[in-house]
Structure formats: C-alpha cells, structure tokens
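Atoms considered below: every heavy atom in the structure, side chains included; atoms not considered: hydrogens, waters and symmetry mates.
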Amino acid sequence: MNNAAIWFSTVLLLGGLTTTSSSIVGAKPATPEQISQRSVNAPSVTPSIYSSVKPFKKSNSTNKIIWKGGNITLTATTVKLEGKPTFEQIVIQSIVVTKGNQKHTIETSDLEDSWLDITSVVASNSKTWLAVNAKRSSGNTLMLLNLQTGDKTELNERLKKAGKKNIETIAAYNWAPNEDQIAFSYGDPSKSSLAIYNVKKESFIYLPRATNYISTNLILWQKNGKILDYISEYPSDQMILYRYSIESNKVKPVKKISRNEFAEWFKLDKYPTP
C-alpha cells in the first residue's frame, strides 16, 4: 500500500483538520499554528486547474502483474523464493513493456534489493517515457523507461550519485503536462523532500522545504506546467496543501486538508478507482 493510502486510512480514524492559508514561505518555515491563524479567508482550490492524470489498470494472475494504459502494457513475471520471510518470498524476476510493436525488457532478478510489486505506472504526456514505481522490502523505487530507446533511469540511484542521503523511498510523483520532466517526493519514513527531474537535461531541481515534512502523499501539476501543488504531512497526521512556483522557486502553504477533502484530492491521482 502506498503512503497516501496508508495516511488516508489512518486519518479516517483520527479525525479531520481545519482552516486554510496563503502565506509565502520565507526564511523561517511556517508552522501549522501560523497557517491556522493567518488563513481564515484563503480561497478554495478548484480541481479543474490540474493537469489530468490517466491511470493505468492493474490486473494479477498466478505469476503475472499487468498494468495497461492505452497501447502501453507492462507485464511483470514473479517467482517464489524459498527460505525467505513470507513478505519477501514473491519477487519480480523480469518486466516486459510493450508499446505497439516496440518491446523492452527489464531484468530485475539480480537486483540487490528485490522488487516485490509494481505499485503504479504512468506515461509522460509525450508518451515517450514510462514511470514505474516498484515496492521493495524497504521502500519504493522509481524507474523511468524510455519507450523509444529502452534506456532506463533509476531516480533513487541518481539522487545518491548527486549526494543525497537516506533515499529509502520515492513515493508520490507525477509527470509535467508540457515537458518530459517528473516531480516526486523522496526520503525515509521520518523526512520527505521534493524534486523535479528533467529527463532530457538529466538534471534535478530541488524544491525548497517549507517545513520538516514527514511525508508527501500527493503531487499535482497545474495545467500551465509552471505551478506544482503537493500535500505533505507535518506534524504527524496533519496534512497541508503547498504550492511551488518554478518561475520564482518559492513555496507557499495554501490550506490545511481535512480527511474528507483528502479523499477527493486522492481521486485526482494515478491510482485506479474500484
């Protein structure tokens, strides 16, 4: 289960949050209390401002995990390993991705940390790249596959090579509407950071941290491709919607998100609805 779904299940039991904010983050991070005090008249957010995310449909068979969207199909073949803990016995041995007549194979059997499941798959708007989010025994990996050349980029490893530490997982992510670049959250269970990766330039933009996010459970691009909204947790079990401007490189808190609101926001993301 992804971090967003875990938080959503938990917050239904703990109750909702309150109030809104529109203060720009300055040198000192804004706390939830400050957001509450300064935000009584903040405007609501309309889902129609966001670029649509086209979810793939997932199906399972005895030893196959299949994700399909349009003319793109990802098929992961699994095997059962003996002598492993129960949750690590079923691992992905290989992945085949097809788009029309094109076919690419990803060998995963030799990975140091085996892939246990494919949690989500999303194609870029250009249909040139495929983002594959895979569950490991300790976190998630985000791999980008070029559907024309078969080239692969594992963002967890790219971040480590760039000097980032404690890259246990990449959870939330989404493609930009007008360029082959992808926004994502990364970190460990106690700290979340955000970045944008441009696949053509092979470069990162690291977003400024508005506060000490514990987790980030939703990332959405506005249709103009210049504004990125995301919902992060801080403090524990409290979610706030933040807005990042690529042009100004600034983040501002927009509003607190209640449990009912998050249920609606979650529908805007890549996960198929039952």
Heavy-atom check, side chain of L142 versus side chain of F184, under 4.5 Å: yes
Does a side-chain heavy-atom distance below 4.5 Å link S51 with N125? yes
Quick check: is [Y] connected to [X] through a chain of hydrophobic side chains (ILVMFWY, heavy atoms under 4.5 Å apart)?
| X | Y | result |
| --- | --- | --- |
| I227 | V251 | no |
| L268 | L218 | yes |
| F204 | I170 | yes |

Check whether NZ of the Lys or CZ of the Arg K226 lies under 6.0 Å from the centre of the six-membered ring of Y244 and within 45 degrees of that ring's axis. no
Which is it for L220 and Y230 under the side-chain contact (heavy atoms from CB on, under 4.5 Å) test, yes or no, and what are the steps along the way? CA-CA 6 Å; L220 295 172; Y230 58 94; over 6 Å; no
Sequence-distant partners of A134, side chain to side chain contact (heavy atoms under 4.5 Å, CB included), two or more places apart: W115, I118
With sequence neighbours left out, what residues match S248 under side chain to side chain contact (heavy atoms under 4.5 Å, CB included)? S245, K250
Atom pair [atom1] ([X]) and [atom2] ([Y]), whose distance is rounded to the nearest 0.5 Å:
| X | Y | atom1 | atom2 | result |
| --- | --- | --- | --- | --- |
| F87 | K135 | CZ | NZ | 8.5 Å |
| W67 | F56 | CH2 | CZ | 9.5 Å |
| K127 | D180 | NZ | CG | 10.5 Å |

Provide the full list of side chain to side chain donor-acceptor pair (under 3.5 Å) pairs with a residue in residues 196-205, sequence neighbours left out, each pair given once. R158-Y197
Applying the side-chain contact (heavy atoms from CB on, under 4.5 Å) criterion to V96, which one of T105, T77, I106 satisfies it? T105
Ignoring hydrogens and geometry beyond distance, is a side-chain donor-acceptor pair present between S258 and N260 at under 3.5 Å? no
Counting only heavy atoms not in K84, do more than 12 sit closer than 6.0 Å to its NZ atom? no
Looking only at heavy atoms, what is the nearest atom pair of I90 and L116, with distance? O-CD2, 3.7 Å
Looking at I95 and A76, what are the two nearest heavy atoms and their distance? CG1-CB, 3.9 Å
Carefully, step by step, assess T108 and S114 under the rule side-chain contact (heavy atoms from CB on, under 4.5 Å). CA-CA 7 Å; T108 58; S114 298; over 6 Å; no
Is the closest basic N to carboxylate O distance between E261 and K256 below 4.0 Å? no
Do the side chains of D117 and K58 get close enough for a salt bridge, i.e. N-O under 4.0 angstrom? yes
Check step by step if side-chain contact (heavy atoms from CB on, under 4.5 Å) holds for I65 and T75. CA-CA 6 Å; I65 302 169; T75 303; over 6 Å; no
For a side-chain hydrogen bond (donor to acceptor under 3.5 Å, both in side chains) check, start with the C-alpha distance between Y173 and S120, then their side-chain angles and the critical distance, and finish with the verdict. CA-CA 10 Å; Y173 68 95; S120 61; 2.7 Å; yes
T128 and V199: CA distance, side-chain angles, deciding distance, side-chain contact (heavy atoms from CB on, under 4.5 Å) verdict: CA-CA 10 Å; T128 303; V199 296; over 6 Å; no
Determine, using ring centers only, whether Y234 and Y242 are less than 6.0 Å apart. no
